[in-house]
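Working notes for the structure below.
All heavy atoms count here, side chains included; hydrogens, waters and symmetry mates do not.
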Amino acid sequence: RLQYTLLGRQLDNSLAVLEELRLSDEERYRTVLGMDTVSESFRMAGFGGVDRYRDLAGFDNSELMTSYRSKLDRIINLATVQQESFKSVEERSSEWRRELDHLPVISPVDVKYALGDGFRFRKVHPVLGTSRMHPGQDFPVPPGTRVYATGAGKVITSGWISGYGNCVVVDHGYGLQTIYGHLSRMNVVVGQNVKRGEFIALSGNTGISTGPHLHYQIEKYGKHMNPINFFNNDLDVEEYNEMIQAFSSDTNFR
């Protein structure tokens, strides 16, 4: 009975550890990663049954033996479910990190340049003279200003597009594309994979434009998005340049 009692304490400690792992899984990892919780019915699936321990009946310590066998079975079941749960968390975590790498979340040009015309409906287009939507963010920068990819992705256009002039379009996956227009020179080719902070073009004044600037546009599943909502415009020039250098030297890009 003493040996069973000591074993029971060890089993209780194991159950307590599994409960801590479950709480971390449900309240920390799955919450952060936007994953559904694992239902209690699934965690306890296949556990129970009236005659599950009938082979332990008739012994002097049958009640203790049955109690601790039940705890052991519960531990095995919970540990198996938790292992599978952590595998799915790991897979989602890897995909989440990849998704973060691909989101267009930085300014496409040095932050020392002020923002120009933004995402809005214009009653009078400065060149065409008609009312139309301005679907992106302009950066009034000198010709030849370096333009950087704002997130990892694949170049799907590097050439002339009517209205945009010389243009680069990057597909980031997850329904997101970024467009860099009015360029003087493209530094990438179609099919090329780029990472965030990679030098992809030089700004210019090509296409329908009233002066040198970069037109930067974000689309999600074909819908125009306001680029200003995708990046924080609170870095100083030194911080921005350090960030670009860090991205450029990152060898872990996949």
Side-chain angles (χ1 to χ4, degrees), residues 32-34 90-116 118-119 135-142 144-159 161 164-204 213-254:
V32 169
L33 296 171
E90 183 179 12
E91 291 171 358
R92 174 57 186 143
S93 177
S94 297
E95 179 61 24
W96 188 60
R97 287 194 295 269
R98 181 184 183 279
E99 184 175 350
L100 288 179
D101 287 340
H102 285 68
L103 289 176
V105 293
I106 68 170
S107 171
V109 294
D110 197 317
V111 294
K112 69 182 179 182
Y113 301 110
L115 298 177
F119 185 87
Q137 177 65 52
D138 288 343
F139 295 84
V141 295
T145 300
R146 292 171 72 94
V147 178
Y148 303 101
T150 56
K154 177 178 288 188
V155 177
I156 60 173
T157 299
S158 181
I161 295 181
Y164 292 91
N166 289 327
C167 183
V168 168
V169 180
V170 177
D171 188 341
H172 302 277
Y174 310 99
L176 288 164
Q177 292 184 357
T178 50
I179 300 170
Y180 311 78
H182 310 307
L183 306 171
S184 62
R185 192 187 84 189
M186 287 77 74
N187 198 50
V188 290
V189 296
V190 172
Q192 179 177 338
N193 289 318
V194 295
K195 60 183 179 180
R196 180 181 296 132
E198 185 169 342
F199 166 47
I200 60 172
L202 295 176
S203 67
H213 73 285
L214 170 71
H215 174 82
Y216 175 60
Q217 189 171 317
I218 298 178
E219 294 185 356
K220 186 172 185 179
Y221 295 111
K223 181 180 179 181
H224 301 312
M225 310 298 291
N226 189 346
I228 206 69
N229 295 330
F230 281 76
F231 66 90
N232 293 323
N233 199 34
D234 58 355
L235 297 178
D236 60 33
V237 175
E238 183 177 353
E239 289 172 332
Y240 182 84
N241 289 331
E242 288 178 354
M243 177 182 66
I244 294 298
Q245 290 175 7
F247 287 141
S248 299
S249 60
D250 182 12
T251 58
N252 295 320
F253 173 68
R254 296 178 299 278

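Ring pair Tyr174/His102 is perpendicular by interplanar angle, where above 60° counts as perpendicular and below 30° as parallel.
The main-chain N or O of Ser203 is never found under 3.5 Å from a side-chain atom of Thr145 such that the two would form a donor-acceptor pair.
Interatomic distance, CZ of Phe199 versus CZ of Arg146, reported as 4.5 Å (0.5 Å rounding). Taken to the nearest 0.5 Å, the NZ atom of Lys195 stands 10.5 Å off from the CG atom of Asp101. The structure places CD of Gln192 at 7.5 Å from CG of Asn187, a figure rounded to the nearest 0.5 Å.
Looking at every heavy atom in both residues, Val111 comes nearest to Leu235 through CG2-O, 3.4 Å. Across every non-hydrogen atom of Asn241 and Asp110, the tightest pair is OD1-OD2, 3.3 Å. When every heavy atom of Val105 is checked against every heavy atom of Phe231, the shortest pair comes out as O-CB, 3.3 Å. Closest of all the heavy-atom pairs between Thr178 and Ile218 is CG2-CG1, 3.9 Å. Nearest heavy-atom pair across Leu183 and Met186 is CD1-CG, 4.1 Å. Scanning all heavy atoms of the two residues, the minimum distance from His172 to Ala152 falls at ND1-O, 2.8 Å.
Within 6.0 Å of CD in Glu90 there are 12 or fewer heavy atoms belonging to other residues, nucleotides or ligands.
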Side chain to side chain contact (heavy atoms under 4.5 Å, CB included) between Val189 and Ser158: does it pass, once the steps are laid out? CA-CA 6 Å; Val189 296; Ser158 181; 5.6 Å; no

As a quick check of understanding, evaluate side chain to side chain donor-acceptor pair (under 3.5 Å) for Arg97 and Ser93, giving each step before the final call. CA-CA 6 Å; Arg97 287 194 295 269; Ser93 177; 2.8 Å; yes

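Side-chain atoms of Thr150 and Tyr180 include a donor-acceptor pair closer than 3.5 Å.
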